[in-house]
K.L.:
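Can you keep this structure in mind? I'll have questions shortly.
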Amino acid sequence: MSDLPFRAALERGAALFAAGHWWEAHEAWEAPWLLARGPDRAFLQALILLAAALHKRWHHGSTAHRNFYKAERYLDTLPAEYAGVDLQRLRAEVWAALHDPELRPALQPQPGQADLG
């Protein structure tokens with residue numbers, strides 16, 4: 001997670017995600033995902049799927065949560081906190097946002113961790 005281009009793409013996607021620009025966040029994370037390996041790749045894959053779930057829900061009216069469930073499979077391979085993000089909180093916030101268009105989940109770093117946006 002120390003690679004600067006990787007970190008910059010992660011932060012750019014995090015800012016877009018928090019603003020409700022889920023497809024754009026998905027796009028920001030795709031290039032580093034292609035190069036990532038191991039836990040970084042699983043983390044980015046989960047973020048991409050969560051963003052896609054929100055985009056499909058609120059831009060296409062899809063009530064299926066297939067992408068959310070796919071993201072959970074990747075999140076389950078990671079520790080409770082990754083890259084400063086509380087993954088349990090992120091899951092809960094995305095799940096709530098899939099049911100309430102007013103909610104905007106964010107990648108919120110743990111205290112003392114690097115800021116993601």
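For reference, positions follow the sequence shown, starting with 1.
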K.L.:
As an exercise, state the distance from NZ of Lys70 to CD1 of Ile48, rounded to the nearest 0.5 Å.
P.N.:
12.0 Å
K.L.:
Any idea which heavy atoms bring Arg89 and Asp86 closest together, and the distance?
P.N.:
N-OD1, 3.0 Å
K.L.:
What is the minimum heavy-atom distance between Ala14 and Leu107, and which atoms define it?
P.N.:
CB-CD1, 3.6 Å
K.L.:
Please give me the minimum heavy-atom distance between Leu54 and Ala97, naming the atom from each residue.
P.N.:
CD2-CB, 3.7 Å
K.L.:
CG/Asp100 to CZ/Arg57 distance, rounded to the nearest 0.5 angstrom?
P.N.:
10.0 Å
K.L.:
Quick one: closest heavy-atom pair of Arg12 and Ala28, and the distance?
P.N.:
NE-CB, 4.4 Å
K.L.:
Would you check if Glu30 and Glu27 make a side-chain contact, meaning some heavy-atom pair closer than 4.5 Å?
P.N.:
yes
K.L.:
Are Asn67 and Glu72 close enough that some pair of their side-chain heavy atoms sits under 4.5 Å apart?
P.N.:
no
K.L.:
Going only through I, L, V, M, F, W and Y residues with side-chain contacts under 4.5 Å, is there a path from Tyr69 to Leu78?
P.N.:
yes
K.L.:
With hydrophobic residues grouped by side-chain heavy-atom distances under 4.5 Å, do Trp22 and Leu49 end up in a single group?
P.N.:
no
K.L.:
Quick one: list whatever passes side chain to side chain contact (heavy atoms under 4.5 Å, CB included) with Leu44, sequence neighbours left out.
P.N.:
Phe6, Leu10, Trp29, Pro32, Trp33, Ala36, Leu47
K.L.:
Is any side-chain heavy atom of Leu98 less than 4.5 Å from a side-chain heavy atom of His65?
P.N.:
yes
K.L.:
What do the steps show when you test Leu75 against Tyr82 for side chain to side chain contact (heavy atoms under 4.5 Å, CB included), and what is the final call?
P.N.:
CA-CA 9 Å; Leu75 292 170; Tyr82 194 82; over 6 Å; no
K.L.:
Can you check whether Val94 reaches Phe17 side chain to side chain, under 4.5 Å on heavy atoms?
P.N.:
yes
K.L.:
Show your working on ring pair (Phe, Tyr, Trp, His ring centres under 6.0 Å) between His26 and His21 and close with a plain yes or no.
P.N.:
CA-CA 9 Å; His26 165 284; His21 301 292; over 10 Å; no
K.L.:
Write down the atom of Leu90, the atom of Ala106, and the distance for their closest heavy-atom approach.
P.N.:
CD1-O, 3.9 Å
K.L.:
Kindly indicate, with the supporting measurements, whether the criterion side chain to side chain contact (heavy atoms under 4.5 Å, CB included) is fulfilled by Glu24 and Leu16.
P.N.:
CA-CA 7 Å; Glu24 293 82 357; Leu16 291 163; 3.9 Å; yes
K.L.:
Quick check: closest heavy atoms across Tyr74 and Ala42, and the distance to 0.1 Å?
P.N.:
CB-O, 3.6 Å
K.L.:
Would you check, one step at a time, whether the test side chain to side chain contact (heavy atoms under 4.5 Å, CB included) holds for Leu103 with Glu93?
P.N.:
CA-CA 8 Å; Leu103 298 178; Glu93 287 182 4; over 6 Å; no
K.L.:
Would you say the side chain of Leu50 lies within less than 4.5 Å of the side chain of Phe68, judging by non-hydrogen atoms?
P.N.:
yes
